[in-house]
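In what follows, a structure is listed as structure tokens, so that the remarks can point back to it.
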Amino acid sequence: MFEIRIICDPADADRVNATLSEAFTTGPVRQHQARDGQRTRLYVTADHRPEPEPCPAPEEAYALAPSIISEIGWTARTAADRPFYDGSGREFWLRKAVTRPTSPPGPLSA
């Protein structure tokens, strides 16, 4: 743990406290008038936030996701049953975008 002292304009004290709370695990803020009588001194006991959990491996993260073949099939069936754009929901367009190839299937001809 460590102590942070900030001298700021009294109007900024809440914003400074909120910003510190986002960056650190903080205790209660002790507020005193600065020696010049115009600013505020903030004293905060803080500690670094714990390290976030590591991200799961792709195999674990996508273990329950449908296969790409299943998604392509669903998109093709759904697209075949309706006109080009009939107000289809967001799910259709997201799934269609995900299964769209990102590069041409074969070599480009000159």
Side-chain angles (χ1 to χ4, degrees):
M1 294 191 102
F2 51 93
E3 186 80 10
I4 299 173
R5 181 183 69 165
I6 297 173
I7 300 175
C8 64
D9 188 87
D12 293 333
D14 289 337
R15 187 172 53 89
V16 168
N17 185 28
T19 303
L20 286 172
S21 295
E22 289 174 11
F24 303 104
T25 301
T26 60
V29 177
R30 294 165 319 278
Q31 193 167 341
H32 303 282
Q33 189 173 9
R35 291 188 181 123
D36 65 9
Q38 297 176 3
R39 296 179 295 171
T40 299
R41 288 180 296 159
L42 304 175
Y43 293 92
V44 183
T45 301
D47 201 356
H48 295 284
R49 292 200 181 272
E51 290 295 322
E53 295 293 320
C55 294
E59 296 79 19
E60 182 183 347
Y62 295 105
L64 301 176
S67 72
I68 189 70
I69 302 300
S70 167
E71 288 297 298
I72 290 171
W74 181 91
T75 305
R77 284 189 307 278
T78 303
D81 294 341
R82 58 186 72 198
F84 176 69
Y85 183 74
D86 66 348
S88 296
R90 184 171 188 257
E91 179 185 12
F92 170 77
W93 294 105
L94 287 173
R95 289 171 88 168
K96 185 175 186 310
V98 168
T99 59
R100 193 179 119 225
T102 56
S103 60
L108 297 175
S109 58

Taking every non-hydrogen atom, the tightest pair across Arg49 and Glu22: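 Heavy-atom minimum between the residues: NE-O, 3.1 Å.
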Nearest non-hydrogen partners of Val44 and Gly27, listed with the distance: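 Of all heavy-atom pairs spanning Val44 and Gly27, the closest is CG1-O, 4.3 Å.
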Parallel, tilted or perpendicular, as decided by the 30° and 60° cut-offs, for the rings of Phe24 and Phe2: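 Ring orientation, 0 to 90° scale: perpendicular.
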Per-pair distances, 0.1 Å, donor-acceptor, side chain in residues 4-14, under 3.5 Å, sequence neighbours excluded:
| residue | atom | partner | partner atom | Å |
| --- | --- | --- | --- | --- |
| Asp9 | OD2 | Ala11 | N | 3.0 |
| Asp12 | OD1 | Arg15 | NH2 | 3.4 |

Atom pair OG1 (Thr45) and CZ (Arg30), whose distance is rounded to the nearest 0.5 Å: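 Between Thr45 OG1 and Arg30 CZ, I get 4.0 Å after rounding to 0.5 Å.
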Nearest-0.5 Å distance that lies between atom CD in Gln33 and atom CD in Gln38: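 Here the rounded value is 9.5 Å.
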Transitive ILVMFWY side-chain link Leu20 to Leu42, under 4.5 Å: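 The answer is yes; both residues are in one hydrophobic cluster.
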